[in-house]
Amino acid sequence: MTPAPVIIAIDGRSGAGKTTLAIELAARLREHHKVSLFHLEDVYPGWNGLAAGIERYVSTVLAPLSRGEAAEWVSWDWEMHYDGPARTTLPAEIVIVEGVGAAADSARPMLDAVIWAESSDDDRRARALARDGSTYEPFWDQWAAQEQEWLAADAVQENADIRVLNRADGTAPDDVLLALQYLPALAPVLLPELSARRGLQLHAERLDCVPDAARLFDALYGRSLNAVWLDSSLRTGGTAAERSRFSILADDGGSYGQDVRHRSGVTRLTTGTATVETAGPFFRWLDGVWGRRALRAPEGYDCEFTLGWLGYLGYELKRETGGSDIPSGTPDAAMIFAGRAVVLDHLEGSAWLLALEAPDAPEWLAFARSAVTADAGAAGTAVASTAVGIGSIAAPAFTGRDTEHAYKAKIADAQHEIAEGNTYEVCLTTAVTADVAGGPGGLDPWQAYLALRRKNPAPFASYLRFGELTVASTSPERFLKIAADGSMRAEPIKGTRPRAADPAGDEQLRRDLESSPKDRAENIMIVDLLRNDLSHFAVAGSVTVSRLCAIESYATVHQMVSTIDAKLKPGLPRAEAVAACFPAGSMTGAPKISTMAILDRLEGAPRGVYSGAIGYFSLSGAMDTAVAIRTLVIRADGAGGAELSLGIGGAITADSSPQEEYDEIRTKAFGVLSALGAGFPES
């Protein structure tokens with residue numbers, strides 16, 4: 001008896017291309033493994049024999065194979081319509097079973113992975129009849145009725161680990177093979193495939209020209225369903241501009257493109273035509289796909305992003321870091337894997353084309369090269385897309401989740417918690433929302449973002465498009481950066497004043513913030529919290545505060561910013577280091593865990609994207625993320641319109657003035673709302 005094999009079932013309705021998919025997948029797996037293949041059509045006892053065939057398959061084929069024993073089974077003679085000769089299927093390192101019923105309820109306990117193949121009804125019928133000819137046609141409806149009856153009682157599709165849209169164009173086997181590598185149960189046997197995935201080669205090409213970033217993104221990815229632009233739109237001098245050196249533009253196209261969404265403990269990843277679902281904590285999943293250094297930066301390239309994952313981590317991932325589990329209307333995390341990207345170096349005035357080596361890489365590089373050089377050549381003559389606003393679109397009418405009175409009452413409640421010793425500082429948040437109609441008077445998310453970045457440029461501005469969900473952010477605050485060499489940096493913001501048109505008045509507001517004991521106390525409390533968060537994964541003695549309560553000025557606000565640096569202990573999981581700091585202390589208060597519980601009660605609603613983090617997780621092992629503040633979330637409603645949401649909040653301490661705190665959230669909302677032509681809702 002051989003060791004128990006890994007058993008993969010490929011199920012789906014007749015004509016979904018299961019047989020071809022199984023044969024092609026087996027051929028790819030045989031490069032590194034011994035593979036056995038079994039077809040259920042060999043045991044169905046006739047055209048009315050689906051249920052009996054499933055029973056035969058489970059008892060005489062699957063059960064012995066799952067024990068590592070040879071399966072002795074009786075075939076069916078489709079021409080003579082009775083049992084045929086006895087046959088044997090030998091176990092192997094990997095066994096693939098395919099056919100209608102391969103993943104039936106009685107079979108699933110013995111399976112390591114279930115693949116559900118999908119195809120349109122017309123395609124399925126055409127394929128099945130083309131394969132089996134006239135022998136199948138008289139029985140198509142009879143067999144389809146059996147499938148329908150069986151599936152009505154057995155939710156195979158809902159229990160599948162992987163779903164694949166099998167277009168019969170040759171893409172499905174490769175997509176499924178990649179998806180299988182994300183299943184923890186298969187990781188031990190697929191080590192050769194995983195090693196090949198990590199042995200990536202990077203093509204990097206520098207172009208000495210400066211295209212307009214907005215026009216270039218629109219030219220490259222304007223039609224992409226999923227795309228990310230880490231914009232870094234602030235160009236003025238100072239510390240903030242140093243954080244704005246690079247802009248990253250990418251989508252999930254090409255051979256390596258993938259997108260992932262996580263909700264309430266389930267991660268759903270799509271690669272080409274295949275989608276794989278796995279259960280478990282997202283930060284553990286992230287460490288598995290990112291936490292190792294796979295690529296080094298090319299010579300002369302100073303950005304730490306060498307392709308990888310881009311997107312956001314939502315606030316509700318706090319369930320994995322000591323917070324409670326609250327469902328959100330948006331994914332708890334959404335990211336794409338970019339196997340190719342354009343990176344703009346605003347300091348050196350250059351554009352870098354990055355692509356993982358793949359058959360389609362040369363074609364994309366030529367396309368991207370042409371787009372970059374064409375835009376750079378037109379930069380002096382064309383009207384810059386950054387000058388485009390929302391035009392004649394009617395200003396959205398926002399409403400507040402909390403009235404002024406209700407928000408002030410929550411401030412009083414937070415101060416009561418402080419007086420009781422349950423917390424020291426509470427970052428109390430609320431939201432304003434608006435519904436916009438579709439059609440000519442509707443809001444275009446892309447145009448809305450262009451208006452936002454023009455009105456309120458920021459070092460961590462970003463535009464994320466995930467199908468029907470758009471995130472348009474003008475965040476000034478870094479959450480966490482981990483360099484490839486393990487250097488860590490957090491830069492919390494706590495303390496805000498509005499800008500004034502009059503220079504003397506503006507300077508007075510800046511000085512008022514700089515000298516405010518309350519704002520300094522708030523900032524220092526968060527600095528202490530982050531020092532503690534970083535210390536869990538830092539080399540002893542490496543945690544330092546290199547900048548304390550400095551003032552940075554942006555288009556609409558002055559902010560108080562501090563910088564905490566540390567060095568990651570070698571060998572520790574990088575994603576867990578991120579989790580140790582998540583969510584940002586500047587968005588919770590201190591102490592973090594007990595304060596998050598207080599916030600759940602006071603706020604009474606999920607924050608979603610807001611208060612999470614936006615940025616990249618690079619194949620170099622580096623990551624850089626911003627706190628998701630000053631962030632407009634746009635969700636299409638399916639009827640051409642959309643729901644807009646803007647989260648806002650501020651830190652509450654024992655000596656907070658309710659009126660001043662309410663005025664502060666209005667100040668923070670101004671940059672986003674005014675760019676849309678909207679005002680803060682009146683209570």
Side-chain angles (χ1 to χ4, degrees), residues 315-316 318-319 321-324 326 400-431 477 479 490 492-497 512-535 545 548-549 557 559-562 564 580-607 610-612 627 629 647-669 683:
Y315 178 75
E316 309 315 329
K318 66 183 173 66
R319 71 170 62 87
T321 62
S324 59
I326 298 179
R401 189 171 72 204
D402 296 301
T403 64
E404 179 177 354
H405 175 76
Y407 191 72
K408 288 178 178 177
K410 291 181 178 181
I411 292 173
D413 202 342
Q415 290 178 317
H416 175 73
E417 295 284 357
I418 294 170
E420 291 293 307
N422 298 325
T423 180
Y424 305 108
E425 179 179 359
V426 179
C427 186
L428 181 65
T429 77
T430 185
E477 180 177 359
F479 163 53
I493 289 176
K494 195 53 65 182
T496 304
R497 295 291 186 278
D512 178 65
L513 176 60
E514 186 176 41
S515 60
S516 166
K518 172 186 173 295
D519 288 296
R520 290 183 66 86
E522 290 178 7
N523 195 292
I524 289 170
M525 274 192 274
I526 300 305
V527 168
D528 286 342
L529 187 155
L530 279 166
R531 289 174 64 240
N532 179 69
D533 286 348
L534 289 170
S535 69
V545 180
L548 185 64
C549 298
V557 292
Q559 305 266 214
M560 184 177 285
V561 186
S562 295
I564 306 101
C581 299
F582 189 88
S586 60
M587 299 307 299
T588 61
K592 183 182 287 186
I593 292 177
S594 61
T595 305
M596 286 193 294
I598 293 170
L599 288 167
D600 288 341
R601 178 178 63 81
L602 292 180
E603 295 177 359
R607 295 185 183 181
Y610 173 60
S611 298
V627 180
I629 55 175
I648 41 178
I652 310 303
T653 60
D655 58 351
S656 289
S657 159
Q659 186 59 50
E660 290 178 359
E661 294 295 343
Y662 188 72
D663 290 342
E664 181 172 320
I665 67 170
R666 293 173 63 98
T667 296
K668 290 175 176 177
S683 299

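FYI, side chains are in, hydrogens and waters are out, and symmetry mates aren't considered; it's all heavy atoms of this structure. This chain uses plain numbering: 1 for the first residue, then up along the sequence.
No side-chain heavy atom of Thr588 sits under 4.5 Å from any side-chain heavy atom of Cys427. Side-chain contact between Asp663 and Ser657 is absent, with no heavy atoms from C-beta onward closer than 4.5 Å. The shortest distance between side-chain heavy atoms of Ile648 and Tyr407 does not fall below 4.5 Å. Two residues are said to be in side-chain contact when any heavy atoms from C-beta on lie closer than 4.5 Å; Phe479 and Met587 fail this criterion. A heavy-atom distance below 4.5 Å is not found between the side chains of Lys668 and Val557.
Rounded to the nearest 0.5 angstrom, Leu513 CG and Asp519 CG are separated by 5.0 Å. Summarising the geometry, atom CD1 belonging to Ile493 is positioned 5.5 Å from atom CD1 belonging to Ile629; distances are rounded to the nearest 0.5 Å. Separating the CG atom in Leu428 from the CD1 atom in Ile652 is a distance of 5.5 Å, to the nearest 0.5 Å. One distance of note links CD1 of Ile598 with CG of Asp413; it measures 9.0 Å at 0.5 Å rounding. To the nearest 0.5 Å, atom CG of residue Asp655 and atom CD of residue Glu660 are 9.5 Å apart. How far OG of Ser324 is from CD of Glu316: 8.0 Å, rounded to the nearest 0.5 Å.
The heavy-atom pair separating Asn422 from Ser594 by the smallest distance is O-OG, 3.5 Å. Closest heavy-atom contact between Val627 and Ala584: CG2-CB, 3.8 Å. Between Leu529 and Gly585, the shortest heavy-atom distance links the atoms CD2-CA, 3.9 Å. Scanning both residues, Pro606 and Arg401, for their nearest heavy atoms gives O-NH1, 4.2 Å. Residues Ile564 and Leu534 come closest through the heavy atom pair CG2-CD1, 3.7 Å. Counting all heavy atoms, side chain and backbone alike, Gly589 lies closest to Ile526 at CA-CD1, 4.2 Å.
For Ser535 (side chain) and Asn532 (main-chain N/O), a donor-acceptor pair under 3.5 Å exists by modelled atom type. Judged purely by atom type and a 3.5 angstrom limit, Thr321 uses its side chain to pair as donor or acceptor with the backbone of Phe582. Lys592 places a side-chain N or O within donor-acceptor distance of the main-chain N or O of Cys581, the cut-off being under 3.5 Å. In this structure, Lys410 contributes its side chain and Leu602 its backbone to a donor-acceptor pair below 3.5 Å.
More than 12 heavy atoms of other shown residues, nucleotides or ligands fall within 6.0 angstrom of atom CD in Gln659. Residue Tyr662 places its OH atom among more than 12 non-hydrogen atoms of other residues, nucleotides or ligands, all under 6.0 Å distant.
Note on Glu661 versus Lys518: salt bridge recorded, some NZ/NE/NH1/NH2 to OD/OE distance being below 4.0 Å. Contact check on Asp528 versus Arg531 returns a salt bridge, with a Lys/Arg side-chain nitrogen under 4.0 Å from an Asp/Glu carboxylate oxygen.
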*List the steps, then state whether side chain to side chain contact (heavy atoms under 4.5 Å, CB included) holds for Ile418 with Tyr424.*
CA-CA 5 Å; Ile418 294 170; Tyr424 305 108; 5.8 Å; no
*Under the side chain to side chain contact (heavy atoms under 4.5 Å, CB included) criterion, do Lys408 and Glu404 qualify, and how do the steps go?*
CA-CA 6 Å; Lys408 288 178 178 177; Glu404 179 177 354; 2.7 Å; yes
_What verdict does the side chain to side chain contact (heavy atoms under 4.5 Å, CB included) test give for Ile326 and Lys318, after you've listed the backbone C-alpha separation in whole Å, the side-chain angles of each residue and the deciding distance to 0.1 Å?_
CA-CA 9 Å; Ile326 298 179; Lys318 66 183 173 66; 4.0 Å; yes
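For the 3.5 Å distance criterion, the side chains of Thr429 and Glu603 qualify, holding a donor opposite an acceptor. With 3.5 Å as the limit, one finds a donor-acceptor pair spanning the side chains of Thr423 and Thr595.
For Glu425, there are no side-chain hydrogen bond (donor to acceptor under 3.5 Å, both in side chains) partners two or more places apart in sequence or in a different chain. Applying the side chain to side chain contact (heavy atoms under 4.5 Å, CB included) criterion to Arg520, with sequence neighbours excluded, gives Cys549, Met560. Listed by chain and residue number, Gln559 satisfy the side-chain hydrogen bond (donor to acceptor under 3.5 Å, both in side chains) test with Thr496 (two or more places apart in sequence, or in another chain).
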